[in-house]
Structure formats: C-alpha cells, structure tokens
K.L.:
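I have a structure here, written as structure tokens, and I will follow up with some questions on it.
Because only heavy atoms are used, hydrogens play no part in the values below, and waters and symmetry mates are left out as well, while side chains stay in.
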Amino acid sequence: MRFKYPNVIDAALAASAPIYMLTFKGSQREFFFSAVTEDFLNADPNCPGYVVTAFEMLEMLTRIKRYTGLAELSRLFKLCKPLESTEQIHHLLGWIRNAFTNLAMGDYTYPTNFLAPLPVNVAICKMMATASSKLQGLADVTAMVYNGTNGTLTCLDPDTEYIECADPTGCGLGPDSPCIGLSGTSFCNCRPGFYNKESSCREEYSNAFNVGFVLYTGGDIDQYQKGNFKKQVEFVKGIAKTLKEDGDDTKVGIITYSDNPYVKLRFDDNATHAELGTVFGQY
C-alpha cells in the first residue's frame with residue numbers, strides 16, 4: 001500500500017512482519033523456520049528430507065570440489081554471474097532460503113501470483129522428488145520463485161534478487177538516513193520527528209495522522225506460533241493509543257480480511273478509544 005499510494009500513506013507495517021521476533025534470542029528465533037518446514041511437511045512428509053539432502057550436496061560441492069564446485073553451482077542455479085569465491089555461498093544460501101520462505105507465505109491450496117506465478121506446495125515437493133538430483137530440484141524450485149512458472153529470464157542474479165537489508169525507497173543514500181538491517185527485516189532510520197521522502201529524511205511529521213490497519217483474522221494466523229493473533233491485536237491497540245487521543249484530529253481506520261475484506265471503521269467515523277475497543281473486543 002505504501003508503494004502504491006505514496007501520496008496518501010506515509011508508512012506501512014505488515015502484520016506478518018516479525019516485530020516480536022526482533023526481541024528473541026538464540027533458539028527463540030527458530031520457530032519461523034520450523035513453521036516453514038512444517039508447511040512442506042504437510043504437503044509431502046518426504047519433502048523436508050529432499051531439501052536437507054540438496055543442501056548437503058551443495059555444501060559438499062563447495063567443500064570438496066572448491067572451484068569446480070562453484071562452477072557447477074553456477075550452472076545448476078543458472079546464475080548470470082558465476083560464483084568466484086566460497087565467500088559468496090552465504091548470500092547464495094540466503095537467496096535460496098528466501099525462496100522457500102516466500103513459498104511458505106504463499107501456502108495456499110490453489111496457485112497464486114501475488115509474489116510470483118507459483119503452484120501449490122504439493123507441486124513444489126513433486127519437483128524436488130522427480131528432479132534428476134535433489135540439488136537440481138532445489139535449483140529448479142528456487143528459479144521458479146524468482147522467475148515464475150512461465151518466466152522469461154535466461155539467468156538469475158542473487159545480488160539483485162535478494163538483498164539482506166532491503167532498501168527500495170532509497171533511504172540508505174544519505175548519512176542522515178541509514179538503512180538498518182536486522183534478522184528478517186530492515187527499516188529506514190530517520191532522526192526522531194522526520195521521515196523518508198525522495199531519498200532524504202527532511203520531511204517533518206505533522207501532529208495528526210490517518211492510521212489504517214489491515215488485519216488478517218483467519219484462524220491459521222496462530223499456525224506459526226500460538227498467541228500470534230492476540231499479540232497482533234494488542235500491538236494495534238498500543239499503536240492506536242500512542243498516536244491518538246480522543247478529540248484530536250488523528251483518525252483510525254480498520255479493515256479485516258480472511259476470505260473476504262470487511263471495513264470495520266472508516267477514517268470519517270473518527271472513532272474514540274471506546275469504539276476502537278468495541279471493534280477489537282470482537283476478536
């Protein structure tokens with residue numbers, strides 16, 4: 001929404017963004033990737049094993065064959081720029097892992113195209129099972145995420161297709177607006193009271209906001225970790241309480257969706273905290 005309506009929306013935060021995960025340490029962070037594994041396990045009990053085998057083959061190529069292994073990986077993954085050093089493997093692994101997390105987030109019982117033209121996870125696992133090798137299957141699945149089921153790209157470029165500190169707005173271009181990269185997310189660090197616009201942090205916030213929340217209310221939101229939905233509601237309530245006081249000019253709107261979207265509050269309703277509480281109390 002931020003990208004599509006920049007003249008209306010100053011900032012956007014996805015409900016699925018790992019806000020709470022940023023406070024986790026060590027093994028606490030592993031639940032997300034366990035959930036990704038479970039997605040493919042549900043599609044085919046053998047699927048996670050196929051992927052593990054593929055990564056073991058990848059590691060063996062880089063450890064034992066070294067430079068010939070890098071050339072083989074470059075060929076299998078159809079890289080535009082052949083790998084030249086084992087130091088590039090870390091980024092390659094992140095690029096591959098990102099493909100599987102995107103597949104898990106697009107885990108529907110029907111083909112989707114909001115990330116890329118993708119089939120259901122059962123088809124993904126079938127690709128892994130029937131490939132000439134599990135490593136070839138891993139390469140085929142990864143390519144499909146970045147090129148779609150009917151893509152026209154002749155080669156793939158992990159350097160441009162996967163950026164650990166994503167920076168699509170150009171906020172990292174100036175010394176007063178660095179791009180801060182954290183595990184699983186990134187944000188533009190403007191000084192307090194200012195926000196990024198046209199590659200600078202010189203726009204000052206006004207005292208009034210139109211704050212819109214688009215909340216997913218499907219029952220599977222707790223699939224990744226129990227209590228996620230309650231945390232989402234509490235987070236939204238906290239943001240609303242921080243930004244709005246009864247009687248001021250800040251307005252809050254709420255849309256919920258699962259199979260279909262519903263407008264629960266419009267900006268013009270100018271809801272009070274009591275009315276917001278009534279809406280949140282429905283969940």
K.L.:
Anything under 30° is parallel, anything over 60° is perpendicular, the rest tilted; go ahead and classify W95 against Y146.
P.N.:
parallel
K.L.:
Is the closest side-chain heavy-atom distance between L276 and I254 below 4.5 Å?
P.N.:
yes
K.L.:
For the atom pair CE (M57) and NZ (K134), what is the distance rounded to the nearest 0.5 Å?
P.N.:
8.5 Å
K.L.:
Between Y162 and F77, is there a shared hydrophobic cluster once you connect ILVMFWY residues whose side-chain heavy atoms come closer than 4.5 Å?
P.N.:
yes
K.L.:
Salt bridge (Lys or Arg N to Asp or Glu O under 4.0 Å): which pairs involve residues 145-163, sequence neighbours left out?
P.N.:
K81-D157, K81-D159
K.L.:
Is it true that I239 and V236 fall in one hydrophobic cluster, defined by side-chain heavy atoms closer than 4.5 Å?
P.N.:
yes
K.L.:
Which pair of non-hydrogen atoms, one from C155 and one from L79, has the smallest distance, and what is that distance?
P.N.:
CB-C, 4.1 Å
K.L.:
Which distance, rounded to the nearest 0.5 Å, do you find between the CG of L93 and the CD of E59?
P.N.:
9.0 Å
K.L.:
So does N210 have more than 12 non-hydrogen atoms from other groups sitting under 6.0 Å from CG?
P.N.:
yes
K.L.:
Can the ring centroids of Y50 and F40 be said to lie less than 6.0 angstrom from one another?
P.N.:
no
K.L.:
Centre-to-centre under 6.0 Å for Y257 and Y216, is that the case here?
P.N.:
yes
K.L.:
Report yes if some heavy atom in the side chain of F213 is under 4.5 Å from a heavy atom in the side chain of I255; otherwise report no.
P.N.:
no
K.L.:
Assigning hydrophobic clusters by single linkage (Ile, Leu, Val, Met, Phe, Trp, Tyr; side-chain heavy-atom cutoff under 4.5 Å), is V233 placed with V211?
P.N.:
yes
K.L.:
Is the closest side-chain heavy-atom distance between K237 and E234 below 4.5 Å?
P.N.:
yes
K.L.:
Kindly write out the residues that satisfy salt bridge (charged side-chain N to carboxylate O under 4.0 Å, His left out) with E72, not counting sequence neighbours, or none if the list is empty.
P.N.:
R75
K.L.:
Can any side-chain N or O of N147 pair as donor or acceptor with the backbone N or O of L153 at less than 3.5 Å?
P.N.:
yes
K.L.:
How far apart are the closest heavy atoms of V36 and T101, and which atoms are they?
P.N.:
CG2-CG2, 4.1 Å
K.L.:
Would you say the side-chain atoms of H91 pair up with the backbone N or O of P158, donor to acceptor, closer than 3.5 Å?
P.N.:
yes
K.L.:
Mark yes or no for whether S85, through its side chain, and Q88, through its backbone, hold a donor-acceptor pair below 3.5 Å.
P.N.:
no
K.L.:
Taking all atoms of both residues into account, what is the closest heavy-atom pair of L76 and A139, and its distance?
P.N.:
O-CB, 3.3 Å
K.L.:
Out of curiosity, D268 CG to K251 NZ, how far, rounded to the nearest 0.5 Å?
P.N.:
5.5 Å
K.L.:
Would a hydrophobic clustering, with Ile, Leu, Val, Met, Phe, Trp and Tyr connected at side-chain separations under 4.5 Å, put V51 with I89?
P.N.:
yes
K.L.:
Compare every heavy atom of L83 with every heavy atom of L73, then report the nearest pair and how far apart it is.
P.N.:
CB-CD1, 4.0 Å
K.L.:
Drop me the distance from T142's OG1 to I96's CD1, to the nearest 0.5 angstrom.
P.N.:
5.0 Å
K.L.:
To the nearest 0.5 angstrom, please state how far the OG1 atom of T256 sits from the OH atom of Y262.
P.N.:
8.0 Å
K.L.:
Between atom CG of D246 and atom CD of E275, what is the distance when rounded to the nearest 0.5 Å?
P.N.:
8.5 Å
K.L.:
Check salt bridge (charged side-chain N to carboxylate O under 4.0 Å, His left out) between D269 and all other residues, then give those that pass, not counting sequence neighbours.
P.N.:
none
K.L.:
Please find the pair of heavy atoms, one from M144 and one from I124, that lie closest to each other, and give the distance.
P.N.:
CE-CD1, 2.9 Å
K.L.:
Do T250 and F267 make a side-chain contact, defined as non-hydrogen atoms from C-beta onward lying under 4.5 Å apart?
P.N.:
no
K.L.:
Is there a side chain to side chain contact (heavy atoms under 4.5 Å, CB included) between T68 and L61? Walk through the geometry before answering.
P.N.:
CA-CA 8 Å; T68 57; L61 274 178; over 6 Å; no
